[in-house]
Amino acid sequence: MSKDIYAPGILAGRLDGAAYAEQFADLHPPLDPHAALVAADRCYFCHDAPCVTACPTDIDIPLFIRQIATGTPDAAAKTILGQNIMGGMCARVCPTETLCEQACVRETAEGKPVLIGLLQRFATDHLQEKGGHPFTRAAATGKKVAVVGAGPAGLSCAHRLAMLGHEVAVFDARPKPGGLNEYGIASYKSPNDFAQAEVAWLLRIGGITLHHGMALGRDVTLADLRAAHDAVFLGLGLGGVRALGLDGPVPEGARPAVDFIADLRQATAPQTVPIGRDVVVIGGGMTAIDAAVQAKLLGALNVTLVYRGPRSRMKASPFEQDLAAAKGVRIITQAVPMRLHGNGALREVEFRYVNADMTPTGETLRLPADQLFEAIGQTLQGDDLPPLDGGKIRVDAAGRSAVPGVWAGGDCATGGDDLTVTAVAEGRDAAMDIHAALCGA
Amino acid sequence: MANLQSDFVGIKSPNPFWLASAPPTDKEYNVRRAFQAGWGGVVWKTLGIDPHVVNVNGPRYGAIYGADRRLLGLNNIELITDRPLQVNLDEIKAVKRDWKDRAMVVSLMVPCEEEPWKFILPLVEDTGADGVELNFGCPHGMSERGMGSAVGQVPEYIEMVTRWVKANTRMPVIVKLTPNITDIRKPAAAALRGGADAVSLINTINSITSVDLDLFAPEPTIDGKGAHGGYCGPAVKPIALNMVAEIARTPDLANLPISGIGGITTWRDAAEFMALGAGNVQVCTAAMTYGFRVVQEMISGLGAYMDEKGMTSVDQIVRKAVPNVTDWNQLNLNYIAKAVIDQDQCISCGRCFAACEDTSHQAISMSPDRTFKVIDAECVACNLCVNVCPIDGCITMVPMAPGATDPRTGRVVEGHYANWTTHPNNPAATTAS
């Protein structure tokens with residue numbers, strides 16, 4: 001499959017054309033009906049099930065698995081989607097190994113949890129491929145709500161509000177809806193343009209109008225939105241990236257990992273996306289793993305992921321770390337970037353090794369690099385926002401910001417763990433609170 | 001979703017799923033939890049005359065398991081309620097007062113004389129209960145005292161007691177039948193003659209689930225001894241389905257409403273009972289295995305099925321399959337099918353081959369690369385390969401078209417219906433074919 005994997009520099013089309021399809025195939029291929037029944041049979045229908053407790057959206061997992069087992073996958077999908085309208089995407093991207101499947105009693109019993117994520121996908125795919133949308137709108141309330149951000153938090157909030165009978169206007173800065181589902185998730189986790197298909201399916205509830213290319217603070221102000229609507233939900237995510245903060249000019253070839261991931265997702269074909277021969281990724285979370293794995297899949301010869309702390313502090317789950325290792329990514333821990341070397345174009349990245357308490361060991365490391373992806377965190381952008389706390393919009397348990405009539409959720413708000421599923425839960429719960437506030441429920 | 005509202009002999013409930021008279025319906029606490037979980041009704045665990053009975057204090061249940069320790073059959077030696085009558089009556093009244101939309105039927109078992117029935121029926125009426133169920137089925141303990149299945153095994157007693165009950169109450173009377181008999185139609189007919197509004201079946205089957213091979217004692221073992229108990233759970237469903245169908249397809253009994261009981265675990269089980277003639281269903285073992293929440297799947301599944309079939313009332317399922325239950329001698333002998341193995345689905349386990357080669361008709365071939373194929377010239381369409389195949393839908397029975405030649409017999413498949421009664425091999429054939 002190698003064509004140009006040894007050529008230095010940042011090049012597109014390093015692999016033979018046919019190799020790409022195999023490289024970017026579905027990470028977890030869907031279960032066929034037989035495999036789904038066998039997997040469903042393993043669920044014990046636990047009382048007050050630990051998997052449900054572990055799910056940020058509280059999906060009734062034992063019930064939906066039982067519904068699959070009894071031949072009613074569409075009823076299972078309704079059980080899922082009633083709690084989590086983006087259950088299809090969450091089935092693909094949730095770190096189930098640290099959520100429901102980690103809590104599964106069969107993980108305790110046999111070290112092999114029920115395949116909850118794949119079963120969820122089986123059910124939601126079954127319903128959505130048939131085109132079924134099992135929810136209908138309540139009678140119109142006459143209330144109007146603005147939602148900023150068409151990502152998981154915003155769309156979840158919008159769907160629930162629309163279902164409750166409100167008119168919802170969604171504003172998003174990007175040309176396409178979906179937020180991180182569309183721009184921020186590794187291609188092999190959501191192939192076949194699933195993010196757009198899911199949004200189209202979600203919008204079938206009706207009563208939601210999408211406004212693209214509308215950034216808060218640039219094209220529309222919070223004051224305008226408040227004036228024209230009965231409530232505002234902010235789910236704009238984290239639009240900025242944290243810089244490495246190193247001295248000297250940034251050589252060509254260094255860029256934020258989120259931009260690389262977005263470019264790859266938006267590319268017509270992966271072979272059109274240029275990739276270095278020697279790629280270094282700095283960071284220890286899911287974004288770092290997604291960038292490193294995809295760099296390898298695009299044909300980079302050497303991909304090294306470097307994290308400043310010890311393994312145990314990496315945010316990426318052990319499953320994600322193993323995935324990276326299996327794809328040939330080298331993981332180095334306890335190394336902090338010091339300098340980017342290169343005259344114009346990047347040539348090497350220099351690190352110093354540190355102890356677990358971050359004190360230097362005195363050892364250094366120089367990694368050859370023609371491309372560098374930074375994945376050390378994202379930041380909230382904008383100055384036209386409600387009061388912040390720790391760089392995020394401060395909200396209470398119901399999602400209310402400090403500004404009356406303005407709610408917030410997802411990555412841009414305090415609380416939560418920056419997971420898609422958490423954003424969906426926060427959007428949904430804020431919608432319920434907005435509904436209660438508007439209608440006195 | 002379809003409306004699951006049920007009306008069984010005038011007793012209304014929001015769905016046709018009732019909890020059967022059994023340990024789960026013994027107390028107010030349990031029944032309130034059941035209603036909260038969504039059950040349409042309950043049949044309160046059997047009341048008797050004080051002094052109340054006592055139960056053993058050792059194990060009361062034994063079990064049979066399938067793969068992965070799935071509970072398939074449960075054996076029970078618990079008796080009727082072991083609490084004072086008034087305590088139960090007070091609790092029934094309290095629950096019914098708070099849950100008016102749910103069915104509250106009270107199971108009864110008193111000595112086989114009219115006086116005890118005259119005594120207890122007004123007390124039950126006073127609770128506001130919707131009906132009574134006569135427990136003529138309990139096969140252990142009570143039958144030794146001349147009650148339960150001791151009554152249910154004698155049609156004359158069934159008729160006599162039912163008549164007493166009907167004479168002494170305005171409530172609908174459901175007679176619960178024991179399967180520990182040879183012909184279920186006889187006790188059902190007796191109940192009908194006695195004036196029963198409905199029958200419910202089946203009660204549990206006499207059983208010993210297993211033997212402790214160190215103690216040499218049946219399970220469940222009480223201080224080294226065991227007694228037979230009542231068997232229930234998914235394992236008894238086929239027996240119950242047949243008994244329900246036997247009643248439903250008997251012309252004289254066709255208008256006798258049936259409450260179906262026996263291993264109902266999923267919506268599909270319930271729909272099957274209803275298709276064979278049950279107006280509603282009662283559940284016990286599934287709730288005892290999985291908790292009351294299991295009813296949610298039954299509700300969503302039955303609703304989805306009705307939507308798919310365009311049905312708007314549960315009554316539209318009832319008796320739908322009864323016309324297709326017949327006797328063997330009415331089956332079409334000109335219907336000829338052959339097994340077909342879908343090679344794309346086959347995982348080459350060879351179970352079909354072992355079954356067919358060793359115990360059937362040598363109608364499956366096996367190649368050195370483990371490809372399994374049906375030999376049409378040998379296949380009698382017995383279905384054993386389908387039954388033992390681990391992949392649902394991998395092996396199917398495909399009927400041959402009329403006009404084709406069956407390679408097994410060399411005969412052309414006839415298009416017309418012909419059964420055993422007219423077959424030339426039948427010495428008693430009424431007409432020659």
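In what follows, every chain begins at residue 1, and chains take the letters A, B, ... in the order their sequences are listed.
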- Query: Has A:Asp58 got more than 12 heavy atoms of other residues, nucleotides or ligands less than 6.0 Å from its CG?
  - Reply: yes
- Under the side chain to side chain contact (heavy atoms under 4.5 Å, CB included) rule, what do A:Leu63 and B:Glu297 come out as? Steps first, then yes or no, please. CA-CA 7 Å; A:Leu63 177 60; B:Glu297 179 280 328; 4.0 Å; yes
- Query: If only atom types and distance count, is the side chain of B:Arg70 paired as donor or acceptor with the main-chain N or O of A:Asp41 below 3.5 Å?
  - Reply: yes
- Over 12 non-hydrogen atoms of neighbours within 6.0 angstrom of CD in A:Glu110: yes
- Note on the structure: Okay, B:Thr289 and chain A: the region with an atom under 4.5 Å from a heavy atom over there is neither
- What heavy-atom pair brings B:Arg293 and A:Pro62 nearest, and what distance separates the two atoms? NH2-CB, 3.9 Å
- Over 12 foreign heavy atoms within 6.0 Å of NZ, B:Lys373: no
- Between the CG atom in B:Asp68 and the CZ atom in A:Arg106, the distance rounded to the nearest 0.5 Å is 4.0 Å
- Query: Any side-chain heavy atom of A:Asp60 within less than 4.5 Å of one from B:Gln296?
  - Reply: yes
- So which heavy atom on A:Thr72 is nearest to which on B:Trp267, and how close? CG2-NE1, 3.5 Å
- Proximity breakdown for A:Asp74 and chain B, heavy-atom pairs closer than 4.5 Å: neither
- Atom pair CG/OG1 of B:Asp269 and A:Thr70 - distance to nearest 0.5 Å: 9.5 Å
- Interface moiety of A:Tyr44 toward chain B, non-hydrogen atoms closer than 4.5 Å: both
- Task: Tell me, please, whether B:Tyr290 has A:Arg66 positioned over its six-membered ring: NZ or CZ under 6.0 Å from the ring centre and within 45 degrees of its axis?
- Result: yes
- Message: Atom CZ of residue position B:Arg33 - does it have more than 12 heavy atoms of other residues, nucleotides or ligands inside 6.0 Å?
- Response: no
